[in-house]
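These notes concern the structure reproduced below.
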Amino acid sequence: MPPDELPTPKTGSAPVYTLAFDVGGTDTKVAFVSNSGSLVTLPTLTTSTGGAVGLIDQIAGQYSQIQQALHRGEIRRPDGKAVTAEQVCGVVGVGVPGVMVEDTGMTITSANLGWGSFPMRDRLGEALGAPIALGHDVRSGALGEALFTGRQECFFVAIGTGISAGIVLNGRVLNRSGSSGEIGQVLLPNPDLNYLEKAAAPVSTQATRLPLERIASAEYTARRYALLKGISPQTAHPTSKDVFLREREGDECAHHVIETATQALGAVLAASLATLGNLDVIVGGGQSKEGPTYLERLRQATLSHLVNLPEPHFSLSNFGSQAQLLGIAAQAFAKAQVPIIPAARPS
């Protein structure tokens, strides 16, 4: 049977599942995701370093093993019941990082995983013998946060190793030429130039402008603090969590780093909301673990850059690291024409 003719299970009281792969720079998460948002997690893979072809071989091999286990009744839900082949729709969801275009299934570039322009969706479909829904990692996170909480629109920002956003309008992810949501690449004034007499690096090595993600990401919150404190890169440097802790303990340098980072991100979020309109802002990624206090601080920073516009509503991610698997699954369900049943309501 050709992939596009694979049967789709009928929806009813029983859940419908799709198999989803969330490819990251280090690990690839795998799960069966139901159309009500529950997950049956499978072993995480170490992401292939063999480029696009290596990744396809890895996913195809794992897909074959999972199909065998499924037909043997070995895939178990948390309640101990088996997921059956009849409950699984024929479309497989795959999310990848980097610059890519969902509509064409083409990847443009992935700096972390070493591939360029490549027909990823079509090649995956050939290797797996199944139709593929290919999604971008952060934009998929946005879709998961929106659709599985009953939203049709949101602005999802992931603050982790880098910074990126996903925009959902009328139930669809916004993407133009693969670069929508790349707010981390906006250049802003370097907030540390006046602090450099305390830094390990001389002034001449410091750019006058930096990308937002090199100011406000979790990765660079830690790196900026280490530089300004003169901590050698050869020694164990603090994490962003450590920097937030040191700010609470009264460390002036930590306060400078976090406050300037929050203001920089707030300025970019304000410009985005002024352009797109009043969308719910959902904050995810590692930095979101700083919780409601950080969330309110970021909201206030955003509000300080707005005038004559509604106050934005901010919330923390409902699903954490599972949001991307949910969004990848949502795209597979859309392709299979399986409706989503929201499990949670917007907060």
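On a predicted model such as this, the values are computed, not experimentally measured, just so you know.
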So do [Y] and [X] actually touch side chain to side chain, heavy atoms under 4.5 Å?
| X | Y | result |
| --- | --- | --- |
| Val83 | Arg77 | yes |
| Phe148 | Ile341 | no |
| Leu269 | Ile183 | yes |
| Val168 | Gln152 | no |
| Val281 | Val283 | yes |
| Ile59 | Val92 | no |
| Leu273 | Asn278 | no |

Are [X] and [Y] linked by a side-chain donor-acceptor pair shorter than 3.5 Å?
| X | Y | value |
| --- | --- | --- |
| Ser240 | Glu219 | no |
| Thr28 | Thr47 | yes |
| Arg121 | Thr107 | no |
| Ser140 | Gln331 | yes |
| Gln300 | Glu296 | yes |

> For Arg209, what residues pass the salt bridge (charged side-chain N to carboxylate O under 4.0 Å, His left out) criterion, not counting sequence neighbours?
Replying inline: none
> What residues, two or more places apart in sequence or in another chain, satisfy salt bridge (charged side-chain N to carboxylate O under 4.0 Å, His left out) together with Glu247?
Replying inline: Arg297
>> Listing request: all ring-ring contact (aromatic ring centres under 6.0 Å, His included) pairs with a residue in residues 247-280, at least two apart in sequence or in separate chains.
In response: Tyr195-His256
>> Considering only residues two or more places apart or on different chains, which pairs with a residue in residues 89-109 satisfy ring-ring contact (aromatic ring centres under 6.0 Å, His included)?
In response: none
>> Does atom CZ (Arg172) have a neighbourhood of more than 12 heavy atoms from anything else shown, all under 6.0 Å?
In response: no
> Taking everything shown except Asp79 itself, do over 12 heavy atoms lie less than 6.0 Å from its CG?
Replying inline: yes
If you group Ile, Leu, Val, Met, Phe, Trp and Tyr by side-chain heavy-atom gaps below 4.5 Å, do [X] and [Y] land in one group?
| X | Y | value |
| --- | --- | --- |
| Leu70 | Val40 | yes |
| Ile159 | Tyr220 | no |
| Val186 | Phe156 | no |
| Leu298 | Leu316 | yes |
| Ile282 | Val157 | no |

Spatial distance of atom [atom1] ([X]) from atom [atom2] ([Y]) [nearest 0.5 Å]:
| X | Y | atom1 | atom2 | result |
| --- | --- | --- | --- | --- |
| Leu147 | Ile340 | CG | CD1 | 5.0 Å |
| Ser272 | Leu265 | OG | CG | 9.0 Å |
| Gln322 | Ser317 | CD | OG | 9.5 Å |

> Of all residues at least two apart in sequence or in a different chain, which pass the side chain to side chain contact (heavy atoms under 4.5 Å, CB included) check with Thr49?
Replying inline: none
>> Just to verify, what does Ala69 make a side chain to side chain contact (heavy atoms under 4.5 Å, CB included) with, not counting sequence neighbours?
In response: Arg72, Glu74, Ile75
> After noting the C-alpha distance and the side-chain angles of Phe155 and Leu276, does the key distance pass the side-chain contact (heavy atoms from CB on, under 4.5 Å) rule?
Replying inline: CA-CA 9 Å; Phe155 187 100; Leu276 294 167; 3.8 Å; yes
>> Suppose we screen for side-chain hydrogen bond (donor to acceptor under 3.5 Å, both in side chains). Which residues come up paired with Ser38, at least two apart in sequence or across chains?
In response: Ser34
> side-chain hydrogen bond (donor to acceptor under 3.5 Å, both in side chains) with Thr239: which residues, sequence neighbours excluded?
Replying inline: Asp242
> Can you list the steps and then say if Tyr225 with Arg246 is a side-chain contact (heavy atoms from CB on, under 4.5 Å)?
Replying inline: CA-CA 10 Å; Tyr225 179 80; Arg246 293 181 189 186; 3.2 Å; yes
Donor-acceptor contacts, no H, no angles, side chain residues 123-137, under 3.5 Å, sequence neighbours left out:
| residue | atom | partner | partner atom | Å |
| --- | --- | --- | --- | --- |
| His136 | ND1 | Val138 | N | 3.2 |
| His136 | ND1 | Arg139 | N | 3.2 |
| His136 | NE2 | Gly98 | O | 3.1 |

> Can Gln185 and Glu213 be said to form a side-chain hydrogen bond (donor to acceptor under 3.5 Å, both in side chains), step by step?
Replying inline: CA-CA 7 Å; Gln185 307 312 310; Glu213 66 183 17; 3.2 Å; yes
> ring pair (Phe, Tyr, Trp, His ring centres under 6.0 Å) with Phe118: which residues, sequence neighbours excluded?
Replying inline: none
>> Tell me every residue that passes ring pair (Phe, Tyr, Trp, His ring centres under 6.0 Å) with Phe244, counting only those two or more places apart in sequence or in another chain.
In response: Tyr294
> Short question: side chain of Gln58, backbone of Thr46 - any donor-acceptor pair under 3.5 Å?
Replying inline: yes
>> Applying side-chain contact (heavy atoms from CB on, under 4.5 Å) to Phe32 and Thr41, what does each step give before you reach the verdict?
In response: CA-CA 6 Å; Phe32 280 103; Thr41 57; over 6 Å; no
> How is the hydrophobic cluster of Ile108 composed, in terms of its other members, when Ile, Leu, Val, Met, Phe, Trp and Tyr link through side-chain heavy atoms under 4.5 Å apart, directly or indirectly?
Replying inline: Val99, Val101
>> Taking Arg248 first and then Glu290, would you say they form a salt bridge - that is, a charged N and a carboxylate O separated by under 4.0 Å?
In response: yes
>> If the threshold is 4.0 Å, N to carboxylate O, is there a salt bridge linking Arg299 and Glu311?
In response: yes
> Under the side-chain contact (heavy atoms from CB on, under 4.5 Å) criterion, do Leu245 and Lys241 qualify, and how do the steps go?
Replying inline: CA-CA 6 Å; Leu245 176 61; Lys241 182 178 180 180; 5.9 Å; no
